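In what follows, a single structure is set out as structure tokens and then discussed.
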2 protein chains.
Amino acid sequence: MRDASHPAAHSSLGALLRDAYEWVSERVYGRLAGQGFPEIRRAHGGVLRHIRPEGSRLTELAQAAGMAKQSMAYLVEDLARLGHVETLPDPEDGRARRVRLTAKGRGLMETMLGLSREAEAELAAAIGAREAAGLRRALEKLAALR
Amino acid sequence: MRDASHPAAHSSLGALLRDAYEWVSERVYGRLAGQGFPEIRRAHGGVLRHIRPEGSRLTELAQAAGMAKQSMAYLVEDLARLGHVETLPDPEDGRARRVRLTAKGRGLMETMLGLSREAEAELAAAIGAREAAGLRRALEKLAALR
DNA sequence: TGCCATTCGTCAGTTTGTCTGACGAAAAGG
DNA sequence: CCTTTTCGTCAGACAAACTGACGAATGGCA
């Protein structure tokens, strides 16, 4: 760090958010390897997060994640190869594929949830519970307006 | 949005941070095109942010941005091609290149700074000044500990 | 009932941004 | 001077996104 005299005072909000995201991501995805899931990358998170228990369509997942269906197909194929999701034909629509978590995938989700809570607790320890709660509140408020 | 009953209540902190970063980035980089800088992409921001007035070495920039020097070289070459930075031989070290902002690059930086402030003001209007201030305070506190 | 527009997912190709490894040239320090 | 380190480049790989074109299935409507 070059300029400790006025720490992050002039950093842009975007840079601050990106750094904080990086801080959390390192803790979640970095530790996933140690928990038996070394092949899960960050992009996989955006897929898994949106899969409903009954299964979700590819296009639906793409929309939820805000990406093209081709990009989502690439990620889903990856997760299927790794055994975390499976795809079935949709009984109600012959064109569609239903993407569903496997048992292994549900284990992964639980682990990720645990690591995420752990990271948030570490954040609270680092900056104070009050600040951490304020951070989450502000972020949730923003998310609700989208 | 599918489940408005308990909004973002169970979202992971990582997802919330990523979404907020996306929200800000859209406003800054999206509007840059309208301000006469249509070719500036997000990755360029991480380069520009760290260039000191006297110029910075490539390796130094790479370290500051947390990436390999080859990756930084690719981004710097891009910015040089666009006329925002120029590289000079370092007078003190025959191996090194000095990367410096051009006048055009300084204009870009000012524009980006303005858009960033604008985005932060919009955030404050959207979630409330109090929450927005709390958000920045928490993020700066985290950044200071890194 | 049959046609046509729409939607679902895939194929093929491209771009962006990152990485690793190997290397030549220059500097630094005995 | 010679050796080790550092600076930047070359070459190649990969991840993660994109666009455009397309065949197959669905669904609305005349």
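If you're wondering where the values come from, they're calculated on a predicted model, not measured in any experiment. Naming: A, B, ... by sequence-line order, numbering from 1 per chain.
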Among pairs that include at least one residue of [range], which meet ring-ring contact (aromatic ring centres under 6.0 Å, His included), considering only residues two or more places apart or in two chains?
| range | value |
| --- | --- |
| residues 66-104 of chain B | B:Phe37-B:His84 |
| residues 101-146 of chain A | none |
| residues 108-146 of chain B | none |
| residues 103-124 of chain B | none |

Results of side chain to side chain contact (heavy atoms under 4.5 Å, CB included) for B:Gln70 - residues two or more places apart only: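 Result, side chain to side chain contact (heavy atoms under 4.5 Å, CB included) vs B:Gln70: B:Ala68.
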
Under the side chain to side chain contact (heavy atoms under 4.5 Å, CB included) test, which residues partner A:Ala73, sequence neighbours left out?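 In terms of side chain to side chain contact (heavy atoms under 4.5 Å, CB included), with neighbours along the sequence ignored, A:Ala73 is linked to A:Leu58.
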
Nucleic acid contacts of residues 84-92 of chain B, taken as heavy-atom distances under 4.0 Å to DNA chain C: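 Here the set is empty: none.
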
Once each nucleotide of nucleotides 14-20 of chain D is scored for protein heavy atoms under 4.0 Å, what B/S/- sequence comes out, 5' to 3'? -SBSBBB

Report the distance from atom CZ of B:Arg95 to atom C1' of D:dC7, rounded to the nearest whole Å.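 It is 5 Å, rounded to the nearest whole Å.
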
Whole angstroms only, please: what is the CZ-P distance between B:Arg98 and D:dT6?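 Going from B:Arg98 (CZ) to D:dT6 (P), I get 18 Å.
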
Considering only distance and modelled atom types, tabulate donor-acceptor pairs under 3.5 Å from the side chains of residues 104-112 of chain B, sequence neighbours left out.
residue  : atom : partner  : partner atom : Å
B:Lys104 : NZ   : B:Leu82  : O            : 2.8
B:Arg106 : NH1  : B:Leu101 : O            : 3.3
B:Thr111 : OG1  : B:Gly107 : O            : 3.0

Give every donor-acceptor pair under 3.5 Å between a side-chain atom in residues 15-22 of chain B and any protein atom, sequence neighbours left out.
residue : atom : partner : partner atom : Å
B:Glu22 : OE1  : B:Arg42 : NH1          : 3.1
B:Glu22 : OE2  : B:Arg42 : NH1          : 3.2
B:Glu22 : OE2  : B:Arg42 : NH2          : 3.3

Give me the one residue out of B:Arg98, B:His50, B:Arg52, B:Lys69 that meets side chain to side chain donor-acceptor pair (under 3.5 Å) with B:Glu60.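 Single pass found, and it is B:Arg52.
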
Distance under 4.0 Å to a non-hydrogen atom of chain B counts as contact; along DNA chain C, which nucleotides mark the start and end?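 Range of nucleotides within reach of chain B: C:dT16 to C:dA27.
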
Pairs involving residues 123-134 of chain B, ordered by first then second residue, that meet salt bridge (Lys or Arg N to Asp or Glu O under 4.0 Å) (sequence neighbours left out):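 Of all non-adjacent pairs touching residues 123-134 of chain B, those that pass salt bridge (Lys or Arg N to Asp or Glu O under 4.0 Å) are A:Arg137-B:Glu131, A:Lys141-B:Glu131.
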
